[in-house]
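Worksheet: one structure, shown below.
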Amino acid sequence: MVMRLGCLLFATTLLTPPPSCPVAGMTPFRRISGPHICGDALDIDPNTHDILTGSWSYSDTLQVWDFASGKLLSTFQPTLQCKVYAACWLRPGVAIVGGTQAHLTVVVDTKANKELGGMKDLEHSVYGLDYHQRSNTIAVAAGNKLYSSVVLGSTLQALHSREH
């Protein structure tokens with residue numbers, strides 16, 4: 001699988017990627033190999049430009065990459081076995097991650113390499129999540145339920161669930 005973000009290229013298989021971007025003759029300026037990205041598990045911090053990748057794998061689950069150099073900055077492994085299907089930045093150095101197997105959503109401090117809180121033992125796997133900065137709210141899609149939570153400090157508060 002090859003994902004193109006502008007002309008930043010993520011190669012997640014051993015296949016050789018096409019030599020150029022599909023955008024009017026542009027050539028990829030960076031290739032990052034390694035993450036097994038499934039779902040919405042790729043995000044770029046708008047302030048630091050750090051790239052967050054979540055892998056649908058039991059190893060190297062969550063990784064942070066330097067946008068300018070393409071070098072790996074850090075790797076985080078949740079305490080529970082989870083294959084990541086969705087990940088996004090909440091703020092610089094803090095991300096929210098959701099996935100399959102353990103059916104969880106976890107807030108992670110990627111700089112301190114620790115979990116700050118989350119929702120565990122959900123009924124279904126987490127296949128989508130997003131963060132709305134103005135309202136400081138997280139939405140998590142797991143099975144036929146949509147969970148929403150307000151972020152206070154570094155923890156999730158006021159968890160609500162709606163079936164859809």
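Basis for what follows: all heavy atoms, side chains included, without hydrogens, waters or symmetry-related copies.
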Checklist line | Test applied, side chain to side chain contact (heavy atoms under 4.5 Å, CB included); reference residue, I51; option that passes from D66, L42, D43 | finding: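 So the option named by the test is L42.
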
Check: side chain to side chain contact (heavy atoms under 4.5 Å, CB included) with Q63: which of T53, L52, V84?
Finding: T53

Non-neighbouring partners of [X] that pass side-chain contact (heavy atoms from CB on, under 4.5 Å), sequence neighbours left out:
| X | value |
| --- | --- |
| D40 | none |
| F76 | L62, P78, V108, N113, E115 |
| H49 | F67 |
| A112 | D109, K114 |

Margin query: Would you say that more than 12 heavy atoms from the other residues, nucleotides or ligands in this model lie under 6.0 Å from the CD of Q101, or not?
Written below: yes

Could you tell me which residues satisfy side chain to side chain donor-acceptor pair (under 3.5 Å) with [X], sequence neighbours excluded, listed by chain and number?
| X | value |
| --- | --- |
| T61 | Q77 |
| S74 | none |
| T110 | none |
| D130 | none |

Check: With distance as the sole test, does W56 use its side chain to make a donor-acceptor pair with the main-chain N or O of G39 at under 3.5 Å?
Finding: no

Note to self: Under a 3.5 Å distance rule, please check whether S55 uses its side chain to pair with a backbone N or O of S57 as donor and acceptor.
What the structure shows: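 The answer is no, because no donor-acceptor pair under 3.5 Å joins these two groups.
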
Is any side-chain heavy atom of [X] closer than 4.5 Å to a side-chain heavy atom of [Y]?
| X | Y | answer |
| --- | --- | --- |
| L122 | L104 | no |
| C88 | I96 | yes |
| H124 | H103 | no |

Check: Of all heavy-atom pairs between L129 and G98, which one has the smallest distance, and what is that distance?
Finding: CD2-N, 3.5 Å

Notebook entry, point to check: So which heavy atom on V140 is nearest to which on M119, and how close?
Noted result: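 Looking at all heavy atoms of both residues, the shortest contact is CG2-CE, 3.6 Å.
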
Item checked: Test log, rule side-chain hydrogen bond (donor to acceptor under 3.5 Å, both in side chains), inputs H132 and T137 -> CA-CA 5 Å; H132 186 262; T137 303; 5.8 Å; no

Check: Linking Ile, Leu, Val, Met, Phe, Trp and Tyr by side-chain heavy atoms under 4.5 Å, what else ends up with Y58?
Finding: none

Next item on the list: Spell out, yes or no, whether Y127 and Y147 are grouped together once hydrophobic residues are joined by side-chain heavy atoms under 4.5 Å, including indirect joins.
Entry: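 Y127 and Y147: separate clusters.
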
Checklist line | Hydrophobic cluster identity match, Y85 and I37, side-chain contacts under 4.5 Å | finding: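 Hydrophobic grouping puts Y85 apart from I37.
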
